[in-house]
Structures are given as C-alpha cells and as structure tokens.
Amino acid sequence: MNDFEKLAELLFPDVHKTVEQLEEQFPPRALKEGARVTRFAPSPTGFLHIGGLFAALISKLNAQTTDGVFILRIEDTDKKREIEDGVSEIIKGLNAFGVTVDEGVVGFNQEKGDYGPYQQSHRAGIYHVVVKKLVTEGLAYPCFCTEEELSALREKQEEEGTAIKGYFGKWAKCRDLTFDEQKALIESGKPYTLRLRSPGREDGKIKFDDLIKGKIEIAENIQDVVLLKTDGIPTYHFAHAVDDHFMRTTHVIRGDEWISSVPLHIQLFKACGFRVPKYAHISPIMKEENGGKRKLSKRKDPEAAVTYYAEQGYPKESVIDYLLTLANSNFEDWRRANPKAPQSEFPFNLKKMSVSGALFDLTKLNDVSKNVISVMTAEQVLSYALSWAKDFDSELYELLSRDTEYAKAIFSVDRDTPKPRKDIAKFNEIRAYIAYYFDELYQNNYSEMPENITADMAKEILSAYIGRYKPDDSKDEWFAGIKDLCEPLGYTPNVKEYKKNPDLYKGHVGDVSTVIRIAVTGRRNTPDLYSIMQILGEDKVKARMKTALAFYKA
Ligand code: GLU
C-alpha cells in the first residue's frame, strides 16, 4: 500500500464499496439516442421562487421533448438553511403547476426511480465511496485547519494583497503533510475536513459551450475546496457532481448564478473520473423598476413566490403559458395558431432562450391568462373557480356550489364563440365579475348611467319595458322588443341614423338597453344581456327593474 492508500484506509475503514460497484449499481440509462436526463435540484429553503419554477419547467421540457427523464433531487447538505416542510413546499409548488417529475423525491420520505436516494442527506455512503477513491489517488486530503487559522490566513492574504485569496497552492498548509503527520493528527482526534487537491493552474483557463450562453472561457479553479465537512457531510459542489454522475444527468440546466462555479464543477467531474455533463445556464427573471432592471426579489416582490399565483387565482396553464413566452419568443405565435393545444405539444427549443434576463411583466401575464381562460370550457372555468374559492373565498364558494348548473350557465355566457370574451385573468376577479348573478353580492349602481340619460328618461324606459318584458322571448324577439320601445319614447332603433341626426332623438337603442342593463346588473358593460337575463330568470329581472324604477321615481 502506498501512503495515499494507507490514508484512505485510515480515513474510511468502513467503506468497502468501490466506485466500480457504484457504476454497476447505477448503470448508464437505456434511453434512445439524444434523450436528455435533466434535474431540478433545489435546496429545501421553504420557498419556490418563480425563477426556480422556470428552471424546473425548462429542465422538464428538455427531458420531455427528447423522451428523456426529469428528476427532482433535494440538495439538503446545508442544514442551517433548511426549514421544516421545505421539501413539501417544493413538491407542492411544482405539482401545482403541473411540472411533475419522472423520478426523484415525490413526497415526504417518498421517492420513485432506480437512481436514488434522491435526497443528498440520504446519500452519505455514496459520497464516501467516491471521496475514498480520490484520497487513494492523492486527489483529496484531510485539512486540520481551524476556523481561526482560516481567518488568519484570509487576513494575511488581505495584508499582502494577493491577487487570489483562499486555500490553494502554498497557502494550503495541510496539502503537503506527510502520511505520518496526518496519521498522528487523525489519531489525536483533531477534527478535519477533506479537501480537493486542485490540479488547477493560476494562469489556466477552462472553456465550455453553454447551450444558452454560448462559448464561455473562465479561469480554472485553483482552490482546494472542501469536499467533506468535519461531520462527514459533503459540500454542495462535491455532492452535486457525484449525484449528477450517478443519476446519469446529461444536461445541467440551472440559474446563471452558477456559471462562476462551472470551473470547479468541471474539475470535480474530471477528478472523479466522470464525464462532464452539458450545461445550460438560464438568465434570471428580471423586473423593471425606475427605468432599470433588477432581479425579482424574494423580499420585495410578492410575485417572486409561486404561492402568489395560486392565491391570486391564476390557472396553472396561464402561469406556464406565460413562462413559455419568456422562454421561447416564438411561443406566442404558436399559441395563437394553436389556442387549445396542450403545452406539451409546443416544440420547445433550448437554443431559443434569451441570453439576457427575461422581463417579468404582470400585465402581460394577465393578457396571457385572459386568453387561456377564454378558451376553457364553462365546466373548466367553474372547476377552477370552485377550487380557488374553496381556499380563498368561502362565501363565493358557497354561492357557486349552491347550484352548480346555475354557476355553469354564468360561465357559459359568450363562451365557445369564435371570439370569446377575455374578461377574466385570475379567479380573485370572479366575485366582482359575476356579482350581479347573486342577490347576496349584487350592488345596484344607478350612478353608472351615461350623462346623456337623465333619471326621467330612465324612468320612462323602464316603465315601458317592464310591461314589454317576456321571459320566454327568443334572443331576436327580446331585441325586437327593445327596439319597439324606441320610437314611441323618442329614441331611434338605428344607431347610424342617430349619428346623422342627433338633434331629432333623445338617444338610440344602445341608450335604451343601457338603462335596462344598469337596472338589471348594476353595470354599464356586461357580456350578452339577453343571456344574463335568461340566467337570472323572471323574478330577479322584474324585482331589479322595479327597484331601479322606484329609485328613478324618487
Ligand atoms: N442546490 C442548488 C440550488 O439551490 C442547485 C444548483 C444546480 O442546479 O447545480 O440552486
């Protein structure tokens, strides 16, 4: 045994498995040529950022469009940052938007797939096998430096003004301890970390081809980074390389804040004898502020958390459609041509992603969402409305579920037509939008009346219409009835005629229907009034007209 081998045995006497055995246990996947294995690898900090959902979506689409595999791996090596329920928050967040995984962590202590465990805190045994091999090859060594010594090192480097700071080269004091020195320190019980013996050179450069950002050249890593902490838990950098290798990840897709770590990551993959995956680094989602751009922030922007969208009542399809418009600029054209197609049919292309950060715009999200909701069936709208109201508006939930046929009829108005209305962007708008269908929510709003219509005119119109209103009229009969009122009261049924000779009339048929509309719904603008009156039914329509009439008479 050489000294490295002796050191490895001293450090890991109980690790008998070999990297070769791990290779057999987690063999290359039998997937078709070109299939991509991607993963979303968050830390369970209890918060799914919209940027995280975006990265997860892009990873999923890459796997899906190539018949590959999309994995959820939980990176919980940093116990200080972890919060209770952090894992379930992430899973709930992804599921809520339909970004479901093929493999990985799927619930509390629940996993699926043959390449697990998928939670780093459950993989210590695997990391130790790999680290033992690195020690055997002289690529990792124990470092006994205390926090104090490391701070003193940093201070010294500050004083000397060294260009590069950290634990490397001549500064890496434990790098060249002899085996006997190492053995004595280990046996004395001194705590130690395990560090990489970085093969990097100070003037060295690494090049890689990022699938989004293009060719990138950065300085090589020269730091002897920590691989295992004193408690034997790996650092994220080391753990992720081992995981991506043994989960057979082909494409690492993640936020571009990780670009600066790529030199270290590539070095780790190579040191371990692993094939380096392909990289695609996504630019962060930005927000416009005071003419400038900044990252969406967890502290300042409520819309940074994915829970915001559920609370507001955006359907998951809207959020995903919107994220797809940010991802590929041709998505909107595709969506226009295929308004009802499932998102999975969109030919997503990683190469078409923007190199600089996409701008997040809630107004645009609302427009996308209005389109999405406008092509839903009434049943779908009702089911979304019910599930949103159940969590966020119990009175509305009560009203909608009291008579679901009635509720469905409401959402059917002006739907399923070549040009459906695009009124609703999110379900927290529903209460106001449909208020007039329910006496409990209805508010008369007679002051909505256009200025050209006086209370006397409204009174005349309503008095005449109450006698004429027949609940069983067809739409044509109903409209003819309104037109019939016009001439005797001094209005014209013909809008063009009114525009030609405004002085000859009090108004036109539009004004007459506005009076009726306001009396019945309390609104000046609504979807098709005939349908609304049909749904409300004779009693409600008559009662509302009578109340309005009494108001104008007073
Ligand atoms: N755990 C890292 C994070 O929280 C993952 C980085 C990666 O995808 O490699 O973002």
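Atoms within each ligand, like the ligands themselves, are counted from 1 in listed order. All values derive from a computational prediction rather than experimental measurement.
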Quiz item: When you check the side-chain N and O atoms of Arg254 and His281, is any donor under 3.5 Å from an acceptor?
Solution: yes
Self-check item: Residue portion contacting ligand 1 (non-hydrogen atoms closer than 4.0 Å) for Tyr236
Solution: side chain
Practice problem: Consider every N or O of Val252 and every N or O of ligand 1, then say whether any pair is closer than 3.5 Å. | Solution: no
Exercise. Check whether any heavy atom of Arg39 sits under 4.0 Å from an atom of ligand 1.
Key: yes
Exercise. May I ask you to list the atoms of ligand 1 that are less than 4.0 angstrom from any heavy atom of Ser43?
Key: 1 (N), 4 (O)
Practice problem: Could you verify whether a donor N or O on one side chain and an acceptor N or O on the other, from Asp301 and Tyr308, lie under 3.5 Å apart? | Solution: no
Practice problem: Would you mind listing which atoms of ligand 1 come within a distance below 4.0 Å of any non-hydrogen atom of Glu75? | Solution: 1 (N), 2 (C), 5 (C)
Quiz prompt | For Arg254, the ligand 1 atoms whose distance to one of its heavy atoms is below 4.0 Å | solution = 7 (C), 8 (O), 9 (O)
Quiz item: Backbone N or O of Glu75 within a donor-acceptor pair of the Ser43 side chain at under 3.5 Å?
Solution: yes
Quiz item: Under 6.0 Å between ring centres, would you say that holds for Phe246 and Tyr115?
Solution: no
Quiz item: Do we see a donor-acceptor contact under 3.5 Å between the side chains of Gln120 and Asp76?
Solution: no
